[in-house]
Enquirer: 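Just passing along the structure, written as structure tokens.
Worth saying up front: this structure is predicted, and the values here are computed from it rather than measured. Side chains are part of it too, since the values below use all heavy atoms of this structure and drop only hydrogens, waters and symmetry mates.
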2 protein chains.
Amino acid sequence: MIGIVVADDEAMLRGALVSLLNLEPDLTVVAEVGDGDAAVKAVASHRPDIAVLDLEMPPADGLVAAERILAAGGPPVILVTRHARPGILRRALSVGVSAFVPKTTPAERLAGIIRDVHDGRRYVDPEIAASALTENDCPLTARELEILRAARTGRPISEIASAVHLAPGTVRNYLSTIMAKLGVSTRHAAAHAAWEQGWI
Amino acid sequence: MIGIVVADDEAMLRGALVSLLNLEPDLTVVAEVGDGDAAVKAVASHRPDIAVLDLEMPPADGLVAAERILAAGGPPVILVTRHARPGILRRALSVGVSAFVPKTTPAERLAGIIRDVHDGRRYVDPEIAASALTENDCPLTARELEILRAARTGRPISEIASAVHLAPGTVRNYLSTIMAKLGVSTRHAAAHAAWEQGWI
DNA sequence: CTGGCCTCATGACATCCGTCATCTCGATCG
DNA sequence: CGATCGAGATGACGGATGTCATGAGGCCAG
């Protein structure tokens, strides 16, 4: 019997998944939670064989939860995500998750993936893997990403500057290099592009 | 027996929902599809008693599909959504959908909502309804919304202008009034704010 | 240790953008 | 029929923004 913790903020999907998985004779869901912090606690207290985490779970996202679970010597982690962006896959694999599954995968296949992971295998959605291999890596430095993140909401440069504790001129220089690297002509387009690639 | 068409681009949720609904003795899913256009066609050919549509379905979203289904004298529509923004609820109700359900609703309750709708009742998530009543209405005109939508990706004004077939100066005037109405100082902040309110 | 890369900064310059006043042209309404 | 209003456009002005040159300091690899 494989014990599972399921974490997803969408109660509809979470509940449906739990019901489906419990129908399998060799699977049992030992806990279901709605955010990343609760997932970490549930894994610590229930000691499941597998943790299934949604990636997008405000406030604490699944990647952070996976990192903490794995750092604590927890069970293998399966990450489920809605927006399967290549950059996220890289980050997930570097953290050490065992499987990366977009929500476009049929629900029926999840049970099989869980068994595979339980047997020590890994699973990565083929389509995302392909695009992750062909897509170029994120060309931005950590600081540049931080500044681009601060620019996300469309605020004027002066506000971005005070948010990241920099001189406005410095911020403009950073954004200028970022835009050059991304091949766009406004910082807002840069933020949009980086978001679509999963870099911020 | 209540026949149902389920439309959702997330195969995982869609499949799980279909399995759960089919477990109910009085419900049967007659078709499941992955986008809005297919939903309209499936309803036309299968003539179900209820259509369950996801709101976010690229390329054709659920609201447009609901509109076309209801305009064609189709069955009652239940809209399911991930981001339950108040502005969307207004638009959905004005189109004539029978129920508005966020994905934070437990999957088990969906069957009950389907029966309610089949009996001629309507259902609106209480939390969204409350915020829709307290939140202020969208102050933007249809044309302004269209232009703001074109500005979403951060493109320069010249590109926005050619996208909506207007003179650049006119676009700037529109964006200026939009920003004034929304109380922000850049068009990008305006797009961001409008998005968070569910207006675009 | 030296060159290279990253971070942070300043100043100058050319656009771009937001604001405002004003205009035309249909459509609508009294 | 004249008045009015909305959509669309123009031009001017000042401030915001993108670009570039330049430089200082820190850190790491060769």
Side-chain angles (χ1 to χ4, degrees), chain A residues 87-88 90-91 94-95 135-200, chain B residues 87 90-91 94 136-197 199-200:
Chain A
I88 298 280
R90 287 178 187 276
R91 285 155 64 186
S94 74
V95 162
E135 284 254 334
N136 39 10
D137 205 358
C138 174
L140 305 178
T141 70
R143 196 74 174 121
E144 286 168 347
L145 284 172
E146 191 181 340
I147 287 158
L148 195 52
R149 238 164 287 172
R152 219 181 20 187
T153 49
R155 298 183 284 183
I157 284 198
S158 55
E159 285 184 26
I160 301 172
S162 61
V164 295
H165 305 294
L166 284 178
T170 309
V171 171
R172 282 195 284 162
N173 285 339
Y174 271 107
L175 291 171
S176 187
T177 13
I178 292 169
M179 292 176 332
K181 285 179 178 178
L182 267 45
V184 297
S185 59
T186 75
R187 62 177 187 279
H188 313 285
H192 195 82
W195 159 257
E196 285 197 330
Q197 292 294 322
W199 296 334
I200 59 176
Chain B
R90 288 178 186 277
R91 286 157 63 187
S94 75
N136 39 11
D137 205 0
C138 174
L140 305 178
T141 69
R143 196 77 176 115
E144 285 167 349
L145 283 173
E146 191 182 339
I147 287 160
L148 195 52
R149 239 164 286 176
R152 216 183 23 183
T153 50
R155 298 182 284 183
I157 284 198
S158 56
E159 284 185 26
I160 302 173
S162 61
V164 294
H165 305 294
L166 283 178
T170 309
V171 171
R172 284 198 284 163
N173 286 338
Y174 271 106
L175 290 171
S176 188
T177 43
I178 291 170
M179 293 177 332
K181 283 181 178 178
L182 266 46
V184 296
S185 59
T186 75
R187 62 178 186 280
H188 312 287
H192 194 82
W195 159 257
E196 285 196 331
Q197 293 292 323
W199 296 335
I200 57 175

Enquirer: Which part of the nucleic acid, if any, lies within contact of B:L166, taking any heavy atom under 4.0 Å across all strands shown: a base, the sugar-phosphate backbone alone, or nothing?
Expert: sugar-phosphate
Enquirer: Rounded to the nearest Å, what distance is computed from the CG atom of residue B:L182 to the P atom of nucleotide C:dG18?
Expert: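 For the pair B:L182 CG and C:dG18 P, the rounded distance is 14 Å.
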Enquirer: May I ask you to decide whether A:R149 forms a salt bridge with A:E146, counting only side-chain N to carboxylate O separations under 4.0 Å?
Expert: no
Enquirer: Heavy atoms only, 4.0 Å cut-off, all strands: where does B:T170 land among base, sugar-phosphate and nothing?
Expert: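 Answer is base: heavy atoms of B:T170 come under 4.0 Å of a base.
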Enquirer: Scan residues 143-165 of chain A against DNA chain C and write down, sorted by residue number, each residue with any heavy atom closer than 4.0 Å; if none is found, say none.
Expert: A:R143
Enquirer: Of the options C:dG18, C:dA9, D:dT17, whose atoms approach the side-chain atoms of A:R187 most closely?
Expert: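 The closest nucleotide is D:dT17.
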Enquirer: Less than 4.5 Å apart, side chain to side chain, heavy atoms only: is that true for A:R152 and A:W195?
Expert: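 Heavy-atom side-chain distance check fails, nothing below 4.5 Å.
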Enquirer: Provide the closest heavy-atom pair for B:A151 versus B:L175 in the form atom of the first, atom of the second, distance.
Expert: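 B:A151 and B:L175 have their closest heavy atoms at CB-CD2, 4.4 Å.
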Enquirer: Check the distance between D:dA9's P and B:R172's CZ and give it to me in whole angstrom.
Expert: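 To the nearest whole Å, that distance equals 13 Å.
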Enquirer: Between C:dC16 atom P and A:M179 atom CE, what is the distance in whole Å?
Expert: 12 Å
Enquirer: Could you state the NE2-P distance from A:H188 to D:dT17, rounded to the nearest angstrom?
Expert: 7 Å
Enquirer: Evaluate the side-chain proximity of B:T186 to A:E159: yes if any heavy-atom separation is below 4.5 Å, no if none is.
Expert: no
Enquirer: Between D:dT10 and B:N173, counting only base atoms on the nucleotide and side-chain atoms on the residue, is there a donor-acceptor pair under 3.5 Å?
Expert: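 Between D:dT10 and B:N173, which were checked side chain against base, a qualifying N/O pair under 3.5 Å is present.
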Enquirer: Which residue, A:I157, A:I178, A:L182, A:V171, forms the side-chain contact (heavy atoms from CB on, under 4.5 Å) with A:R187?
Expert: A:I157
Enquirer: Below 4.0 angstrom from OP1 or OP2 of C:dT7, is there any side-chain N or O of A:T141?
Expert: yes
Enquirer: Nearest whole Å is fine: how far is C:dC6 P from A:Y174 OH?
Expert: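 Going from A:Y174 (OH) to C:dC6 (P), I get 10 Å.
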Enquirer: Rounded to the nearest 0.5 Å, how far does CD1 of A:I147 lie from CD1 of A:I160?
Expert: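 So the CD1 of A:I160 and the CD1 of A:I147 are separated by 9.0 Å.
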